[in-house]
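Have a look at the structure below, then the notes.
Computed over heavy atoms, backbone and side chain alike; hydrogens, waters and symmetry mates excluded. Counting begins at 1 with the first residue of the sequence.
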Amino acid sequence: MRFFRQFSHNVTLLGGGYVNPDTLELCLKHAPELVAADSGADQALAFGHVPVAVAGDMDSVSDAAREAIGGERFVETPDQNRTDFHKTLDLIDAPLVLGVGFMGKRLDHELACYNTLVRLPEKRVILVGEVDICFLLPGKLSMELPIGTRFSLFPMAQVVVRATGLVWPANNLEMAPWGRSGTSNETSAPQVTVEADGTGLLVILPREHLADAIAALSPKGA
């Protein structure tokens with residue numbers, strides 16, 4: 001895979017969906033490098049930021065954004081088999097990516113982003129919305145959270161889950177999109193552990209625990 005840039009720091013990836021400027025600033029504190037997907041470039045400029053790179057099929061970005069950012073920062077990927085979110089992630093090599101502007105506007109676009117998380121399990125990505133954050137379980141997860149924290153699990157594929165520290169236990173529990181899910185669970189202990197046989201389990205948490213998720217997903221030593 002050809003990377004248009006390798007990042008030593010976490011990256012904030014900005015899309016063209018709804019974005020609260022406070023949410024963007026929160027993400028930039030944790031992930032200071034800003035990359036845009038297509039019309040996310042216009043959003044970046046509107047919020048006073050210039051992305052270091054822009055990728056996508058460029059069917060939505062404005063000519064004014066192209067001129068302001070500079071053509072050398074654009075990587076056009078015209079194929080229609082992947083979303084702009086997917087295309088941009090394919091070209092990013094970073095410890096962790098925070099995706100903003102991909103939740104809470106068009107449902108079809110949002111669902112496609114969850115599909116992308118599952119299709120790119122080698123990437124460490126957290127989608128950040130106004131209420132929730134969502135990420136793909138990286139095989140095994142251990143997090144310290146306040147007791148009573150909402151902790152939802154949603155399967156995008158058939159998986160067998162084992163978890164500790166939750167009110168409704170999961171011990172070799174089979175989950176699938178057409179069967180059992182684990183939404184609206186909550187923590188019953190200060191530490192939660194989750195692991196799954198197979199790839200495809202999404203973790204959904206309140207946005208206030210973004211820093212906890214970043215700590216749990218960041219590569220050791222980063």
Side-chain angles (χ1 to χ4, degrees), residues 1 13 15-18 37 56-57 77 79-90 92 96-143 145 147-189 191-210 212-214 216-217:
M1 179 59 63
L13 175 55
Y18 174 76
D57 59 16
T77 48
D79 77 84
Q80 296 300 306
N81 295 318
R82 297 170 297 157
T83 64
D84 289 327
F85 176 60
H86 191 151
K87 293 171 185 177
T88 308
L89 285 179
D90 267 341
I92 290 176
L96 184 72
V97 176
L98 302 183
V100 189
F102 300 100
M103 299 174 72
K105 193 174 182 181
R106 281 185 52 172
L107 180 59
D108 56 345
H109 286 177
E110 186 173 349
L111 287 172
C113 291
Y114 302 138
N115 173 270
T116 296
L117 294 183
V118 178
R119 294 174 67 182
L120 298 176
E122 71 278 10
K123 305 287 186 178
R124 295 293 178 95
V125 183
I126 304 175
L127 293 179
V128 183
E130 292 306 293
V131 176
D132 290 330
I133 61 174
C134 180
F135 56 89
L136 181 70
L137 180 76
K140 187 173 183 179
L141 177 73
S142 179
M143 294 186 69
L145 295 165
I147 293 174
T149 299
R150 175 168 53 85
F151 196 103
S152 292
L153 301 171
F154 191 87
M156 296 285 284
Q158 186 169 339
V159 293
V160 177
V161 180
R162 292 174 294 280
T164 63
L166 297 177
V167 171
W168 290 276
N171 185 17
N172 292 320
L173 181 64
E174 185 174 297
M175 294 184 177
W178 57 86
R180 183 77 63 88
S181 70
T183 57
S184 301
N185 210 331
E186 63 181 59
T187 60
S188 61
Q191 186 174 52
V192 177
T193 64
V194 183
E195 60 181 319
D197 295 338
T199 300
L201 187 65
L202 299 180
V203 179
I204 304 166
L205 296 170
R207 196 187 78 173
E208 64 199 71
H209 297 294
L210 175 60
D212 299 310
I214 291 172
L217 293 179

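- Taking all atoms of both residues into account, the shortest heavy-atom contact from P121 to V118 is CD-O, 3.3 Å.
- When all heavy atoms are compared, the tightest approach of A213 to I133 is CB-CD1, 3.7 Å.
- With sequence neighbours excluded, the residues forming a salt bridge (charged side-chain N to carboxylate O under 4.0 Å, His left out) with E195 are R162, listed by chain and number.
- With sequence neighbours excluded, no residue forms a side chain to side chain donor-acceptor pair (under 3.5 Å) with N185.
- Considering OG1 of T83 and CG of L111, their distance stands at 12.0 Å, rounded to 0.5 Å.
- Closest heavy-atom contact between L127 and C113: CD1-CB, 3.9 Å.
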Worked verdict on F135 versus L96 for side-chain contact (heavy atoms from CB on, under 4.5 Å): CA-CA 11 Å; F135 56 89; L96 184 72; over 6 Å; no
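- A side-chain donor-acceptor contact under 3.5 Å links T77 to the backbone of G56.
- Here the side chains of F102 and D84 are not in contact, with every heavy-atom distance at 4.5 Å or above.
- Under the 4.5 Å side-chain criterion, counting only non-hydrogen atoms from C-beta, Y18 is not in contact with M103.
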Walk me through whether D90 and R82 qualify under side-chain contact (heavy atoms from CB on, under 4.5 Å). CA-CA 10 Å; D90 267 341; R82 297 170 297 157; 2.5 Å; yes
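- The CE atom of M175 sits 5.0 Å away from atom CG of L153, with the distance rounded to the nearest 0.5 Å.
- Taking the salt bridge (charged side-chain N to carboxylate O under 4.0 Å, His left out) definition, one finds that E208 meets it with nothing, sequence neighbours left out.
- Between V128 and L210 the shortest side-chain heavy-atom distance falls below 4.5 Å.
- The CG atom of L13 sits 13.0 Å away from the CD1 atom of I126 when rounded to the nearest 0.5 Å.
- Partners of E110 according to the side chain to side chain donor-acceptor pair (under 3.5 Å) rule, which considers only residues two or more places apart in sequence or in another chain, are Y114.
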Steps toward side-chain contact (heavy atoms from CB on, under 4.5 Å) verdict (V203, V194): CA-CA 10 Å; V203 179; V194 183; 5.7 Å; no
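- With sequence neighbours left out, the salt bridge (charged side-chain N to carboxylate O under 4.0 Å, His left out) criterion links R119 to no other residue.
- Applying the salt bridge (Lys or Arg N to Asp or Glu O under 4.0 Å) definition to pairs two or more places apart or across chains, those involving residues 147-158 are D132-R150.
- By the side chain to side chain donor-acceptor pair (under 3.5 Å) test, S181 pairs with no residue at all, sequence neighbours left out.
- The distance from atom CD1 of I214 to atom CZ of R124, rounded to the nearest 0.5 Å, is 13.0 Å.
- Contact detail for L141 and A216: the closest heavy-atom pair is CD1-CB, 3.7 Å.
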Give the C-alpha distance, both sets of side-chain angles, the deciding distance and a yes or no for side-chain contact (heavy atoms from CB on, under 4.5 Å) between T183 and F154. CA-CA 6 Å; T183 57; F154 191 87; 4.0 Å; yes
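- Within the 4.5 Å cutoff, side-chain heavy atoms of M143 are placed close to those of L205.
- Here OG1 of T149 is found 9.5 Å from CZ of F151. Values are rounded to the nearest 0.5 Å.
- Side-chain contact between L136 and L202 is present, with heavy atoms from C-beta onward closer than 4.5 Å.
- Of the possible donor and acceptor atoms, one in the side chain of K123 sits under 3.5 Å from a partner among the backbone N and O of I92.
- Under the rule for a side chain to side chain donor-acceptor pair (under 3.5 Å), the partners of R207 that lie at least two apart in sequence or sit in another chain are T23.
- The side chain to side chain contact (heavy atoms under 4.5 Å, CB included) check on S142 picks up Q191, T193, with sequence neighbours excluded.
- Residue pairs meeting the side chain to side chain donor-acceptor pair (under 3.5 Å) criterion with at least one partner in residues 151-161, sequence neighbours excluded, are Q158-E174.
- The two residues A157 and T199 make their nearest non-hydrogen contact at CB-O, 3.7 Å.
- A donor-acceptor contact shorter than 3.5 Å links the side chain of T187 to the backbone of G148.
- In this structure, CD in E186 is found 12.0 Å from CG in L145, a value given to the nearest 0.5 Å.
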